[in-house]
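Working notes for the structure below.
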Amino acid sequence: MGMARPSAPGPLALVQALVNTVDLEEGTDTLDTAEGRAALGVDRAEVAAVRELRESLRAACLAHAGHPPHDDVPALGDLLARAPLLTAVDPADGSARIVPADPDSLTARVAVAVALGSMDGTWQRLKVCEDETCRWAYYDRSPAGRGRWCSMEVCGARAKMRAYRARRAGE
């Protein structure tokens, strides 16, 4: 799959990891495993809600790449609104940071990542591969921010081959 690229920076690595818990090509979902759930700090009872969050994040990352949602999913903002964030201020130096009201909540940790990423411009660069058989989340490090595939070598090459065949068929 699209593991060729390095992971997203900072807290967005969590969002990327969550979106990439499902492998469409292999038909596997690490949320089905105890290890996969433990890696995200969720239990079996939360899996349906985590999958809903995952697919809403996938839709947002598709939007970052200029694509419509892959499915009918809840609005990401509605899901994140369920996880309040707090501004924690350090009394020693007065520095402040955004923290989840409930640090055990995956949704709240994702909300922090999205908030921080939107402030520093990294959130818009977390995208989903436009190959419909892939849909892997990747962090677009291209200078212009116009990356389209998780891997130029795999998904990009497939897309170019499909376009080439379509042109040949049309001749």
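Reckoned from all heavy atoms, side chains included, excluding hydrogens, waters and symmetry mates. Being a predicted model, the structure only gives us computed values, none of them experimental.
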> For Ala65 and Lys127, which heavy atoms make the closest approach, and how far apart are they?
Replying inline: CB-CD, 4.0 Å
>> Testing the 3.5 Å rule here: is there a donor-acceptor pair between the side chains of Glu55 and His70?
In response: yes
> Under a single-linkage definition using a 4.5 Å side-chain heavy-atom cutoff for Ile, Leu, Val, Met, Phe, Trp and Tyr, are Val47 and Leu106 assigned to the same hydrophobic cluster?
Replying inline: yes
>> Between Arg82 and Ala108 (side chain of the first, backbone of the second, donor and acceptor by atom type, cut-off under 3.5 Å), is there such a pair?
In response: no
> Does a side-chain heavy-atom distance below 4.5 Å link Val128 with Trp136?
Replying inline: no
>> Looking at Asp72, I want to see if its CG is surrounded by more than 12 non-hydrogen atoms of other residues, nucleotides or ligands under 6.0 Å.
In response: no
>> I'd like to check Ser56 versus Pro74 (side-chain heavy atoms, cut-off strictly below 4.5 Å). Are they in contact?
In response: yes
> Is any side-chain heavy atom of Leu80 closer than 4.5 Å to a side-chain heavy atom of Val114?
Replying inline: yes
>> For a 4.5 angstrom cut-off between non-hydrogen side-chain atoms, does Val22 reach Arg135?
In response: no
> Does the Asp23 side chain pair with the main chain of Thr28, one donor and one acceptor, at a distance under 3.5 Å?
Replying inline: no
> Are the side chain of Arg125 and the backbone N or O of Tyr139 linked by a donor-acceptor pair below 3.5 Å?
Replying inline: no
> About how many Å separate CG of Leu18 and CZ of Arg109, when rounded to the nearest 0.5 Å?
Replying inline: 9.5 Å
> Given side chains that start at C-beta, do those of Leu76 and Leu57 come closer than 4.5 Å, heavy atoms only?
Replying inline: yes
> Do Met119 and Val15 share a hydrophobic cluster, counting only Ile, Leu, Val, Met, Phe, Trp and Tyr and linking them when any side-chain heavy atoms are less than 4.5 Å apart?
Replying inline: no
> If only atom types and distance count, is the side chain of Gln16 paired as donor or acceptor with the main-chain N or O of Ser7 below 3.5 Å?
Replying inline: no
> Taking all atoms of both residues into account, what is the closest heavy-atom pair of His64 and Leu126, and its distance?
Replying inline: ND1-O, 2.7 Å
> Are Val110 and Val112 co-members of a hydrophobic cluster defined by side-chain heavy atoms under 4.5 Å apart?
Replying inline: no
>> Walk me through whether Thr122 and Leu116 qualify under side-chain contact (heavy atoms from CB on, under 4.5 Å).
In response: CA-CA 8 Å; Thr122 55; Leu116 294 174; over 6 Å; no
>> What I want to check is whether the side chains of Arg97 and Thr87 have a donor and an acceptor closer together than 3.5 Å.
In response: no
> Between Thr30 and Thr33, which heavy-atom pair has the shortest distance, and what is it?
Replying inline: O-OG1, 2.8 Å
> Which atom pair, heavy atoms only, marks the closest approach of Val89 to Ala96?
Replying inline: CG2-CB, 4.1 Å
>> Salt bridge or not between Asp29 and Arg51? Use side-chain N to carboxylate O under 4.0 Å.
In response: yes
> Quick check: does any side chain N or O of Arg37 sit under 3.5 Å from a backbone N or O of Asp43, one acting as donor and the other as acceptor?
Replying inline: no
